[in-house]
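Below is one structure, written out as structure tokens; the observations come after it.
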There are 4 protein chains.
Amino acid sequence: MTTQEEKTRRAELIAAASRLFKEQGYERTTVRDLAQAVGMQSGSLFYHFRTKEEMLVAVMAAGIGDLTDRLEEALGQAKTPMDKLRTVCRVHLDTLLGDDKGALSVLLYEWPSLSDKARAELIKLRDSYERDWQQVLDEAAAAGLVHEDTRLLRKVLLGGLHWTIMWYRPEGGGTPSDLADRILELIIRKK
Amino acid sequence: MTTQEEKTRRAELIAAASRLFKEQGYERTTVRDLAQAVGMQSGSLFYHFRTKEEMLVAVMAAGIGDLTDRLEEALGQAKTPMDKLRTVCRVHLDTLLGDDKGALSVLLYEWPSLSDKARAELIKLRDSYERDWQQVLDEAAAAGLVHEDTRLLRKVLLGGLHWTIMWYRPEGGGTPSDLADRILELIIRKK
Amino acid sequence: MTTQEEKTRRAELIAAASRLFKEQGYERTTVRDLAQAVGMQSGSLFYHFRTKEEMLVAVMAAGIGDLTDRLEEALGQAKTPMDKLRTVCRVHLDTLLGDDKGALSVLLYEWPSLSDKARAELIKLRDSYERDWQQVLDEAAAAGLVHEDTRLLRKVLLGGLHWTIMWYRPEGGGTPSDLADRILELIIRKK
Amino acid sequence: MTTQEEKTRRAELIAAASRLFKEQGYERTTVRDLAQAVGMQSGSLFYHFRTKEEMLVAVMAAGIGDLTDRLEEALGQAKTPMDKLRTVCRVHLDTLLGDDKGALSVLLYEWPSLSDKARAELIKLRDSYERDWQQVLDEAAAAGLVHEDTRLLRKVLLGGLHWTIMWYRPEGGGTPSDLADRILELIIRKK
DNA sequence: GATGAATGAGATTTCATTCAT
DNA sequence: CATGAATGAAATCTCATTCAT
């Protein structure tokens, strides 16, 4: 029960932090902003998290964990290399640009705000996500769908997708999935 | 003479700010850090710049201005669409990853730190740079070298290039120009 | 209880600020002075007041509010026009020159230190006090006690009273009430 | 010649300081404001005045000196006690409220900004002015025009006149001389 | 006489964090 | 679990003043 509520409160906090860190940036978001967003006093936050950075880490970990989960679930239903390729791109943009809290964009753009220690922890999670991507790209390359330098392709394509957050506007820009498909077109080799 | 020295001092300050903002981020760099880097007292900074943000803007304006200059000069010597394509990518990565002060990476990654007013000023400069890119991509598409959705391609390719700063390491990664060529390969259509 | 303590702490701060602003002037009083006077760190002040100016406004509002309260209470016990006339003068000088914290003299002499916004808020309070004066003077004029240009008289007499703070010395100067009576003599017509 | 120009420059500075100290207050006026108002750099001020306070003293001394001069000249032409009474009031308000630079109001309202040492110097000048007033009031009392407690009357009347600067507005308020006459009415005994 | 650059002390304010209740 | 108050270090910025040129 207590644990239940604890989980709830923590989750609320992480959701609020995601949103605020995304909107205003980590450094510019104060502990008071965070507390106010969930209706508590700033001192109370420190019952749930030991430091502000711990909140940032929690947001990021939730972001990357959630993303990986979504990806693996979606990949389970994709059969062909082409299907899988489409899936990785769509899931990435749906998560990044969809109207969820924004944990993924915090992960990307507040990376330099992390201390070295915190970074190490998160790198593992990120690597696991990128491993999934790597597999999909390798299969696609084997099928002649994309350039065979898949390690480079992974980094560049992910970079291109990440950057969409700087310019994508839902109004008149199509859905994130549409955009993912159009971007994929740019790097697909003719069959 | 006076103007000369003024330029020198201001330029020194901008160079130091570029470096520090890149290394530590804008928010985490204090005016004391900045002052110390050029050997003055923190109060003296404000003789040259009215606010810390004004320094950020100066760094960014210098970064994008310098980049545009370099690009236009280099494009003057490029003849074919393919040459031009290679040029825009190379100049971009040389500037971003080369061992200069890092003004360009500050421009990219501290964009959210700007006030709306400051942003407006810089958008003009950025647009001018992107217009050059657009022309090159349009020519390349006309020659069948790249996908014809050049507006999207511009954004995605630039995003991919921008992101290299997150993972590129000079040791064993080839030169920035090499990397530019390899990235270009990923989106070039067969001739 | 909490409210009680809150009130206490805030009141302490206002009292200290009254004294210091009176003694040294608003601009020359630092927040460190203020904090030290109540035994806290300078940063802690900003838990209670958002800015230094907010403290000035609080001092002034307390000063004028207190003065109006005293006046209205005292007027309740005055019967004749002459009694009332004596009352307004006495209350004014007792408050201004009496050994309370000095909020009223801060109100008078730091008026130009206020921002326009803050001033507007206080003008209402001041007007309410001057309305009480106006009534008393009007009654006195009707009774032939003072010159009938009561609006001018109000301003000039109040000015004369305000200015006493520049020269009144308790030692050998009589009490503030005595002084009030003597000043009143200067403008009384008919006995 | 040099002395001539020196005088000119100094006078310019004092005039500008009068105006700025009156408009913004002494503490809120920066040395840069002052310098800019006469078209020089802030460092150059210190050739003419050793400190900022020295400028304040110069403004005040000029203010009180000028006032005394005007008064003594005007008194020379006044014959009767009543004439003289009118003269002291008119000269005072003309100088205080007239559209000159405002040195007199600076004298009155920035008095607390002075260091003790500077104050001592100015007190002499002020006393000389008040002695002139005292004589006029004494004559007037002897003639039965005003209350015989002339020392108190001097202080209170001067206070009332000083305070006009807080509320007098040229538009629709009559001239300063008119106002002086009306104020005089308030304290004149029946003829 | 004047300037431009710098100084350096100090101002207000911010904010993550602590802790008694 | 939460609060309200406070801490204290540090941040940006201000400004009278100095001084070499």
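In what follows, chains are A, B, ... by sequence order, proteins preceding strands, each numbered from 1. Worth knowing before you read on, the calculation uses all heavy atoms, side chains too, and leaves out hydrogens, waters and symmetry mates.
Between dA5(F) and Y47(C), a contact under 4.0 Å exists linking OP1 or OP2 to a side-chain N or O. Contact annotation: H48(A) reaches the phosphate of dA2(F) (side-chain N/O to OP1 or OP2, under 4.0 Å). Close to dG4(E), at under 4.0 Å from its OP1 or OP2, lies no side-chain N or O of R9(B). Listed pair Q41(D) / dG4(E) meets the phosphate criterion, a side-chain N or O lying under 4.0 Å from OP1 or OP2. A sub-4.0 Å separation between OP1 or OP2 of dT3(F) and a side-chain N or O of S44(A) is present.
For M40(B) and dC13(F), the CE to P distance is 16 Å, given to the nearest whole Å. Rounded to whole angstrom, the span from the CD atom of E54(C) across to the C1' atom of dT13(E) amounts to 13 Å. Between the CD atom of Q36(D) and the P atom of dT3(E) there is a distance of 13 Å, rounded to whole Å. One interatomic measurement links the two molecules: CZ of F49(C) to P of dT12(E), which rounds to 15 Å at whole-angstrom precision. Atom P of nucleotide dA5(E) and atom CZ of R10(B) are separated by 11 Å, given to the nearest angstrom. Separating the CG atom of L45(D) from the P atom of dC19(F) is a distance of 17 Å, rounded to the nearest angstrom.
Not a single salt bridge (charged side-chain N to carboxylate O under 4.0 Å, His left out) links D33(C) to another residue, sequence neighbours left out. For R32(B), the side-chain hydrogen bond (donor to acceptor under 3.5 Å, both in side chains) criterion is met by no residue, not counting sequence neighbours. With sequence neighbours excluded, the residues forming a salt bridge (charged side-chain N to carboxylate O under 4.0 Å, His left out) with D66(B) are R70(B), listed by chain and number. For F49(C), the ring-ring contact (aromatic ring centres under 6.0 Å, His included) criterion is met by no residue, not counting sequence neighbours. Shown here are the salt bridge (charged side-chain N to carboxylate O under 4.0 Å, His left out) partners of E121(B), two or more places apart in sequence or in another chain: there are none. Residues satisfying the side-chain hydrogen bond (donor to acceptor under 3.5 Å, both in side chains) criterion with E27(A), sequence neighbours excluded, are R28(B). Residues satisfying the ring-ring contact (aromatic ring centres under 6.0 Å, His included) criterion with Y109(A), sequence neighbours excluded, are W163(B). For the side-chain hydrogen bond (donor to acceptor under 3.5 Å, both in side chains) test, residues two or more places apart in sequence or in another chain that qualify with S115(B) are E53(B).
Stem analysis of DNA chain F (at least three stacked-register Watson-Crick or G-U pairs, each with both distances under 3.5 Å) gives E:2-21 with F:2-21.
Along DNA chain F, the nucleotide nearest F46(D) and the nucleotide nearest R50(B) are compared for position; the residue whose nucleotide lies closer to the 5' end is R50(B).
Within residues 110-119 of chain C, no residue is approached by DNA chain E to less than 4.0 Å at the level of any non-hydrogen atom.
A16(D) and V38(D) get closest at one heavy-atom pair: CB-CG1, 3.8 Å. Heavy-atom minimum distance, L34(A) versus M55(A): CD2-SD, 4.0 Å. The heavy-atom pair separating A37(D) from L20(D) by the smallest distance is CB-CD1, 3.9 Å.
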Expected rows: protein N/O vs nucleotides 9-11 of chain F N/O, under 3.5 Å:
none

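The ring-ring contact (aromatic ring centres under 6.0 Å, His included) analysis of residues 22-41 of chain B, with sequence neighbours excluded, yields the pairs F21(B)-Y26(B).
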